[in-house]
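These notes are about the structure you will find just below.
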Amino acid sequence: MTNVPNFQENSWTRRQLFRNQRVEEILEHARHCHTLVSCFLGRQSLLSDLRERIRFGNKHLIVLHGQPGSGKSVLMAKLAVSATQWIDGDIRVVTRFIGATGESRTIRLLLQSLCYQIADIYNLPTCFSENINGLINEFSAVLEFVPQNRPLMVILDGLDALSDTKLSWIPTELPPHVYFILSVPSGSESDCTSFKHLQKLTVEQNIIQIPPLSSAEISEMIDFCLSKDQRKLTSNQRKILIQTCEACPLPLFVSCSYMESQLWTSYTPDQNISLYPNISKMYSWILGRLERVHGEQMVKKTASYISLSRNGITREELLDLLSLDQSVMDEIRQYQGITVPVFPEALWEKLRMDFGVHLIEQRTDNSYVINWAHNQFRSVCLNRYMKSKDYQIAIHSAFSNYYLESWSRNKLNKSELPMMPLSWLVREENRTFQVFNLRKLLGISYHLVQSNQISRLITECIFNYEYLLHKAWATSIVEIQEDIKAAINPERPTLDLNLLLETLQLSTKVLLRDPCQLASQLKGRLHQIEATDKPVAPGDPRKYPLLPLLLSQCQQSSVATFVPSFTCLVPPGGILYDSIAGHTGSITAVAESQTGLQAVTASRDGTLKVWNLETGKTLFTLHGVGKKIVSITVGLQNKMVAVTEEHGFQVWDLCQPKLVYALHDSLDAPILTTAMDGQLLLAFFDGSHLVKIFDLADSCKLICQVDIPADETPVHKNHSILVSKNSVKDYIVFAYRSGKEAMVLSARRGAVVAKLTAQDPVASVQGVAVTKEYFVVICRYPSLKSHDIVHIELFSVNTFAYIRTVKGCGNDFIAKFAVNRQGSHVIAFSSLPNTNTTEIVVWNLETEDHKHMVKFSSVPTGGICFDLRYCLAFSDGENFLKSWNLANRLNDQTLTVNVNRNKKTDGIQEIVAMKYFPRYVVCRSVRPGVVTVWNIVKSKCKGSAVRVERGLMESNDVVLVRDMKLYILTDRGMASFTDTPRPIFQTLLIYDLLKKKYISRKTGLYIIPCPKHEYRILDGGLLLGLSEKRDHFVIWNMDTGFIKDRLRPQFKDLALNLLTERDTYKENTNKQLLQQKNKVKETVLLTPWERRNETKTAKRRRREKEMKKELERLQHLANEKNNAIDQYLLSDNEKVIVCSYYAHHLCVFRLDTMSHLHTLEDKTSMLFLHNAALTYNGSYLALSNYCDAEKISYVTLWDLENGLVKKRLKNEPNICCMGITDTADRIVFGVTSGNKIKVWDPFKHKHKVIPGYENLNLTVDSRIQIIEGGSKAVLLSGDVSLWNLADGTVVSVFTPDSKICCLTLAADRKTILVGMSDTPSLITLKVASRDKDVNFTIGADLFGEESTSSEDEPDDKEQPLKI
C-alpha cells in the first residue's frame, strides 16, 4: 500500500463529493434512457394500455413483466420520456435502470440516491440514514410530500439485477400524486421470485405482461436495421431470418439474429445460412464461434472474469488478470506463435470487436468498466463455463489476489509502482485531494467472501487500519459493518469481530460525519480492553488476539489524526440501540399507544407517524398537525390522538383522518392525559388550578371543568404540574412539581378523592404514575453523603394507603421517566450533570432491585418505555428514535447498584502543567478534595496517576498549584477588626507533593476571598489577588503571610480632583468644546432652510445643549474610573497585568516595577477582556470591541509598551474566542456566525477565513490556542480540533462522548492534555504520524515510576502495515 500524505479533507468537500457522485449517477441513467429510446419501434397498443393503467392506477404499483429479452428496458425508457404527455401537471420523472451502474444494484445505495433526488426536486431536508431500515421508511416519507401540482413518477427497471432479492422496501400503497412503475422478468423458474412477490403488492389489473412481437413488428424491426446499416438481404436470407424470429418473437432475439445475419454475404450458400431458435442457444453458438477464432481459454477466462466480477471489470484489470493466467498465455504462445510477458492489447481489442454489441461500457465505482449488455448473456456464460463451484472460487481468488497485490501485471514488467493502491494523491493547481481506488476497496471484501477466504478477510482487511480508514472515508462506515457481518460465523464466533462491530456501532454517528476520526474512536474505546487483555497463564492465547495489531496501526495513520492515550469514550459491551428513522425533520414528541407495540411521534416536518415497533416501519402518517408539537396523548384505543402545541391543543381522529377539536391561544400551556381506557381526555393547564374533561367517544364534548383545591400552591411558574400518563379506572394522579404531596382525581366525578402525602416533609415530588396496583409518587430526598436520593413511594389504588418505598442511589438524576404496562418496572433517563451523557436506570417495584442499564452520549429531549424490549428516546435535532432492548440484560446482576455503596462519577476540572517539571501535570478532580499527579511521558503510567491525594482540603477552600506544591487557603471566617465584618481566609497551608507532607502553615492571615481563578501564585512565593472592593490588586508574601504590596491605578486620585473641582472642570471643558466646535463641522443635521432661519439665540441654545451632553459623557467616563475590576489577564512571564472595569478603558500594570503603566481608553467602545489574548511577555494585547459611534465591530491590537492602538481589523462581529502568537504577528479568532476561524497577520496586512467542519459549534465557551510559532491552532468547542493556519485546513478532530471540562498544553506545546467530565483519568491527545515521535528529553522521574529498558517509552511498538 502506498503512503497517503497527511491530508485532511474537510467535511464540506466530502459532502460535495458525494453529491457530485449522486448527480453523475442520475445523469448516467438519463443517458442510458435516451440511448434506449432511440431504438424504440412499434408497441403502440402496449403503450396505450400502459397509459390507461397509469391514469387509473388506484394508488397501487404498476408491474411490467415479460420474458428476458422481451424489451422491458426499452419500454420503461419510452414511458419515462412520454410521462409528461400522459400525466397532467408539472410531472417529475425519476428513472433508474438497475444494472446500468454498479451502485444501482445495491438496495441501500439505490434508495439513498432516490431519496436525495426526490428531496432535491421538492426542496425537502436531505438528512437521510445510511442503514437500509431507515432508508426504507424515509423513502416512503419523501413520497408523501409530493404536491398535486407537481406529481411524481418513479420508474425502476430490472429488479432482478438487485444484489438482494428482498423487496420489502417497495411501498404497497402509494400516496396521492405518485406513480410507481416497476419491471421484472418472468417466464422461467429462476426469474419468478421477484415477480411473485410483486404480485402480492398490487392489484391484478396493474400487472401488465409484455406480449410477443407480431410478424409486422418483426419485419418493421428488420427493415429499420437494414435501412440504418444500408444493407440488403436476399429473399431466402430474409425469409430464414424472419421465420427464425417468429419462432422466438422477442426483441432481444430479433436484434441478436440480425447481428448474426451481418456475417452473411450475398454469395453465402443457402445450406450455410442458419440461426439458432432461442436466445440461449444463440449466445452459446456465438461463444463457440469466438472460441474457434481466438482460442478456448482466452474466451473462457475473459467471459469468466466479466461474469464473476463485481459490477463489471475495467480494461486494465482484465488485461492484468489475463496476463497472470498461465493457461491463457500458453494458448497465445501455441496459437499465435509468439512469447510475450503480458497479454497483448491488440488481441483484446480484436476479441472485443468480435463480441460486438454484447459488451458495453458502464460507469461504476467512479470508473468505466466492461460488462455484458444483457443478463441473459451472463447466464449463458455461467452455464457454459462456470458450473463448477471450485472454478468459481478460483476466479474469485484470482480477483482477490490481484487486488491484494499478491499478483500484479506490473511485477511482470519489474515496475516499482504499485498497480492497486488504496488511493492516489492528485494535485490540481492549488488544490490537493484524494482519489480513492473504489475498485480495490469494494472488490477485496466481495471476492474474499465469494471465495470463502474469511480468515484472510479478517486479517488483511477488517483488522487492517489503513483499509478501514480508506473504505470509511471513500464510502461509508456502513460498508465496513457489512463486511464484518459477512465475516462473522455464528458456529465459530470470533470475539474480536463482535468487539469491533460493537465499537463501530457506538462510533457510527461520528464516523459517518468524519471517518478520519477512526483512530481516535478505536483507541478511545478499546485501549483499556486491550491493556487488560492478558493471558490467564503463560502460553495461553489472548481473548482478543487481533486487537493489539489494529490499535498499534492507529499510531501510524497515513492521515493526521488525534489518538487519545487512554479510554475516554463509552466502551463496547453495553446495550446498543437501534435506529427507527422515517421523519424528514427533527422529532419533537413521542408517545405510546394504548394497545399493541406501537409508538407515535411528531416532527418538525409537520407529520405525525404511528410506528410498528416490531418491524420498525410506519403504519400511518398524518399530515398537517403542526411543526411545534410538544406532547402526544393517544386515546380511545388508538383511534384518537391529542397533541399540544404552544398554548393550545388539537384532537385528531386517526380513522378518518380529520380534526375533531382544537383549542388555541390558551393563557396557560395544556398538559393532557386520558382516563377510563382512553375514553376521557383531561386537560390540565400549567400555572392554574383548572382541569377540563372531554369525552372522546362523543366528538370530544366538554363534560365538565374542575377547579383543583388550592391547598398547595405551585412551587414553579413553568412546568409546575405533574400528571400521570396512564390511569386505573377513572383515577389519574397529579402533583405540583417540588411539592410534598400528590392528589388522585376521579375523572368521572370531577373531584379530588385522595391525597398521597410523602413520608417525609423534606420530600420533593418529581413525578407521578399509575399502575394496576400502585399509585407511584417519585420523590427526591436530600442526602448528607451524596447527591439527593430518589425514593419511589407506592400507594394502594384501592385504599390510597402508603405501602412501601423503593430507593435509588446518589447517581440518579431523573429527567424523564416511564412505567411499563405490566407495572413491574420504573424506567428513567438520568442525565448526568455537566457531562452531556445519559444513563437509563431501572427499578423493579417488586424486588426493589435498582440497575443502571446503559450509558449513551447526548441528553434526550423525550422518551418512553411501555415495554422493556423497546425503550425509546430522541434528542434535540434528531430525526430518528433510539430504541434499546432492556429485557435482554434485565437479569444481569453486574448492572445492579448498591443503594448505600455506589461509585460516583468523577472527572477532571483543572489541569496545571508544571513549568519546572515538564514530565508532570497536576489535576484537580470534579469531586472535592482529590488532587492527582500524572506522568505524561511514560506509557506505563497511562490511565493511572503516579500520586493521588485525598482529604487535603474542604469544599470551601481554595487550592492553587505551582511547582509540585499545593497552596491551600482555608479557615474561612469573618474579620472582626474591620469597620464592617468581612469574610477572609485566615490560614494558608502549603503541601509538598514530592515529599507528601505539609511544609508550612500560616495562621492569622487576612486574605480576601476571591473566585479561585482570580488568585495567581507568582515567583518568589507571592500570591496575587484582588482587594475587598475589587478596585486594586493585593500581593501577599506566603512565607510571612502578610501583605507585601498593593498595586493601584493612578487615575483614581485624578478622578477625585475632578469631582471636587467641578466648576473648574466645567469651565475648562466648555472652552475645549468651543474650540472643537469651531474646528469641526456641526454634528446636528439641519436642512438648509432650518439653518437659514435659525436665530442666534436658538443656535446658542443648541450649542449649549450639545456642550451639556458632551460634559455628561465626559463625566460618565470620569465616573467609570471608580468601577471595580471586572476581569484581568496576566502575561505568561508574570510581568504584565491588563484589567478591565466594565468601562471604556483598560489598565496596564507592571508587576516587576509595581507600577501603573498605561490607561488604554476608547471613548466610543466598551473595552472587555472576554474575547482577548495577551502575548507571552505582555507587550501586545488583542481584543474584540464594538464602536457605538460607528456601529462597527473591530479586532484591535494594542501596543502595551506605548499604550497606543497598533492595528485594527474592521467589521468583525460575533467573535467568541481569540489567540495570539508570542510576537503578535498572527491573531486567530473564532466567529460564531458561520462557525469559522479567521487568521489575521496584522504586520503583513493579511487576513483569511478558514471554514469550519461539519458539526462545529462555536460558542462563548470555546477556547483557541496557537502552537508551533503560529502555524497551527488548537480549538476546544465541544470537539477538540487542530487547524493548519498556513494551509487553511482542519488537520484533525476529536469528538468525545461526554463534555470536556478543561484543555491545556504540555510543556512541549504539542501534547494536548484533556480533562473529561466523567473520566477520572487524564487524557493526552497526540497527532498520529508515521514520523517518529519525539518525547520529552529533559526532567527525571520523581515518584518512583516503574523503570523500563528505555527512558521514555513510545506509545506502541511499530507494526508493519500490509495490504
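Taking both residues in full, the closest heavy atoms of Trp1283 and Pro1251 are given as CZ3-O, 3.7 Å, listed atom of the first, atom of the second, then distance. Closest of all the heavy-atom pairs between Asn137 and Lys617 is OD1-CA, 3.5 Å. In terms of heavy-atom proximity, Arg363 sits nearest to Glu24 at NE-OE1, 4.1 Å. The shortest heavy-atom contact between Ser1281 and Val1293 is CB-CG2, 4.1 Å. Of all non-hydrogen atoms in Leu135 and Cys115, the two that sit nearest each other are O-SG, 4.2 Å. Shown here for Val369 and Arg439, the closest heavy-atom pair between the two residues is CG1-NH1, 3.8 Å.
Between Arg96 and Thr101, the side chains place no donor N or O within less than 3.5 Å of an acceptor N or O (distance only, hydrogens not considered). Between the side chains of Lys609 and Thr601, no donor-acceptor pair of N or O atoms lies under 3.5 Å. Inspection of the Glu25 and Ser113 side chains reveals no N or O donor paired with an N or O acceptor under 3.5 Å. Looking only at atom types and distance, the side chain of Glu28 has no donor-acceptor partner in the side chain of His32 under 3.5 Å away. Ser883 and Asp578 form no side-chain donor-acceptor contact under 3.5 Å, judged by distance and modelled atom types alone. Inspection of the Gln112 and Glu130 side chains reveals an N or O donor paired with an N or O acceptor under 3.5 Å. Side-chain contact check for Thr1295 and Gln517: at least one donor-acceptor pair (N or O, by modelled atom type) lies under 3.5 Å. For the residue pair Ser423/Gln434, the side-chain donor-acceptor check at 3.5 Å is satisfied. Between the side chains of Ser183 and Asp157, at least one donor N or O sits under 3.5 Å from an acceptor N or O. Between the side chains of Lys471 and Ser445, at least one donor N or O lies within less than 3.5 Å of an accepting N or O. Side-chain atoms of Thr607 and Asp605 form a donor-acceptor pair, as typed in the model, at a separation below 3.5 Å.
Counting heavy atoms of neighbouring residues, nucleotides and ligands inside a 6.0 Å radius, atom NZ of Lys628 does not exceed 12 of them. Within 6.0 Å of atom CZ in Arg19, 12 or fewer heavy atoms from other residues, nucleotides or ligands are found, so the atom counts as exposed in its surroundings. Annotation for Asp49: atom CG counts as buried by contact number, over 12 foreign heavy atoms lying within 6.0 Å. Summarising the local packing, CD of Gln656 is surrounded by more than 12 heavy atoms from other residues, nucleotides or ligands at distances under 6.0 Å. Applying the 6.0 Å contact sphere to CG of Asp88 captures no more than 12 heavy atoms from other residues, nucleotides or ligands.
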Pair Phe874-Thr861, side-chain contact (heavy atoms from CB on, under 4.5 Å): steps then yes or no
CA-CA 6 Å; Phe874 67 93; Thr861 306; 3.7 Å; yes
>> Run Leu27 and Val23 through side-chain contact (heavy atoms from CB on, under 4.5 Å) and show every step you take.
In response: CA-CA 6 Å; Leu27 294 177; Val23 171; 4.1 Å; yes
side-chain contact (heavy atoms from CB on, under 4.5 Å) between Lys485 and Leu501: does it pass, once the steps are laid out?
-> CA-CA 8 Å; Lys485 292 176 183 178; Leu501 182 60; 4.2 Å; yes
- [ ] Take Ile107 and Ile136, measure what side-chain contact (heavy atoms from CB on, under 4.5 Å) needs, and give me the verdict at the end.
- [x] CA-CA 10 Å; Ile107 294 179; Ile136 292 174; 5.9 Å; no
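Ile370 has its side chain out of reach of Gln362: every pair of non-hydrogen atoms, C-beta onward, lies at least 4.5 Å apart. Side-chain contact check for Tyr577 versus Leu881: every heavy-atom pair is 4.5 Å or farther apart. Using a 4.5 Å heavy-atom threshold, the side chains of Ile1237 and Val1231 count as separate. Residues Ser603 and Lys627 have side chains not in contact (no heavy-atom distance under 4.5 Å, counting atoms from C-beta outward). Using a 4.5 Å heavy-atom cutoff, the side chains of Thr588 and Val630 are not in contact. Residues Leu504 and Ile484 form a side-chain contact, since some pair of their non-hydrogen atoms from C-beta on lies under 4.5 Å apart. A 4.5 Å side-chain heavy-atom check between Tyr122 and Arg92 finds at least one atom pair inside the cut-off. The side-chain heavy atoms of Gln148 and Pro176, taken from C-beta on, include no pair separated by under 4.5 Å.
Checking side-chain atoms of Asn1284 against main-chain N and O of Val1291 turns up no donor-acceptor pair under 3.5 Å. At distances below 3.5 Å, at least one donor-acceptor pair connects side-chain atoms of Ser367 with backbone N or O atoms of Thr364. The closest donor-acceptor contact from the side chain of Asn612 to the backbone of Leu619 lies at 3.5 Å or more, if one exists at all. No side-chain donor-acceptor contact under 3.5 Å links Asn206 to the backbone of Thr202. Using modelled atom types, one side-chain atom of Asp514 and one backbone atom of Cys516 make a donor-acceptor pair closer than 3.5 Å. Counting only distance, with no hydrogens or angles, the side chain of Thr475 and the backbone of Ala472 share no donor-acceptor pair below 3.5 Å. Side-chain atoms of His29 come within 3.5 Å of backbone N or O of Phe97 as a donor-acceptor pair. Side-chain N or O atoms of Ser579 include none that pairs as donor or acceptor with a backbone N or O of Ala581 at under 3.5 Å. With hydrogens and angles ignored, the 3.5 Å screen pairs no side-chain donor or acceptor of Arg51 with any backbone N or O of Gln85.
Results of the side-chain hydrogen bond (donor to acceptor under 3.5 Å, both in side chains) test with Ser875 over Ser858, Ser586, Ser857 single out Ser858 as the only residue that passes. The side-chain contact (heavy atoms from CB on, under 4.5 Å) test with Leu518 is passed by exactly one of Thr561, Leu511, Ile480: Leu511.
Rounding to the nearest 0.5 Å places OG of Ser129 at 11.0 Å from CG of Leu111. Residue Asn311 holds its CG atom at 11.5 Å from CG of Leu438, rounded to the nearest 0.5 Å. Taking CD of Glu103 as the reference point, atom CD1 of Ile98 lies at 13.0 Å (rounded to 0.5 Å). Distance check: Glu361 CD to Thr314 OG1 gives 10.5 Å after rounding to the nearest 0.5 Å. Taking CD1 from Ile360 and OH from Tyr368, the interatomic distance works out to 12.5 Å, rounded to the nearest 0.5 Å. Distance check, rounded to the nearest 0.5 Å: CG of Leu46 to CG of Leu79 gives 10.0 Å.
A salt bridge links Arg310 with Asp365: the closest approach of a Lys/Arg side-chain nitrogen to an acidic carboxylate oxygen falls below 4.0 angstrom.
For Phe145 and His623, the distance between ring centers is under 6.0 angstrom.
In this pair, Phe180 and Phe139 present their aromatic rings perpendicular. The plane angle is above 60°, beyond the 30 to 60° band.
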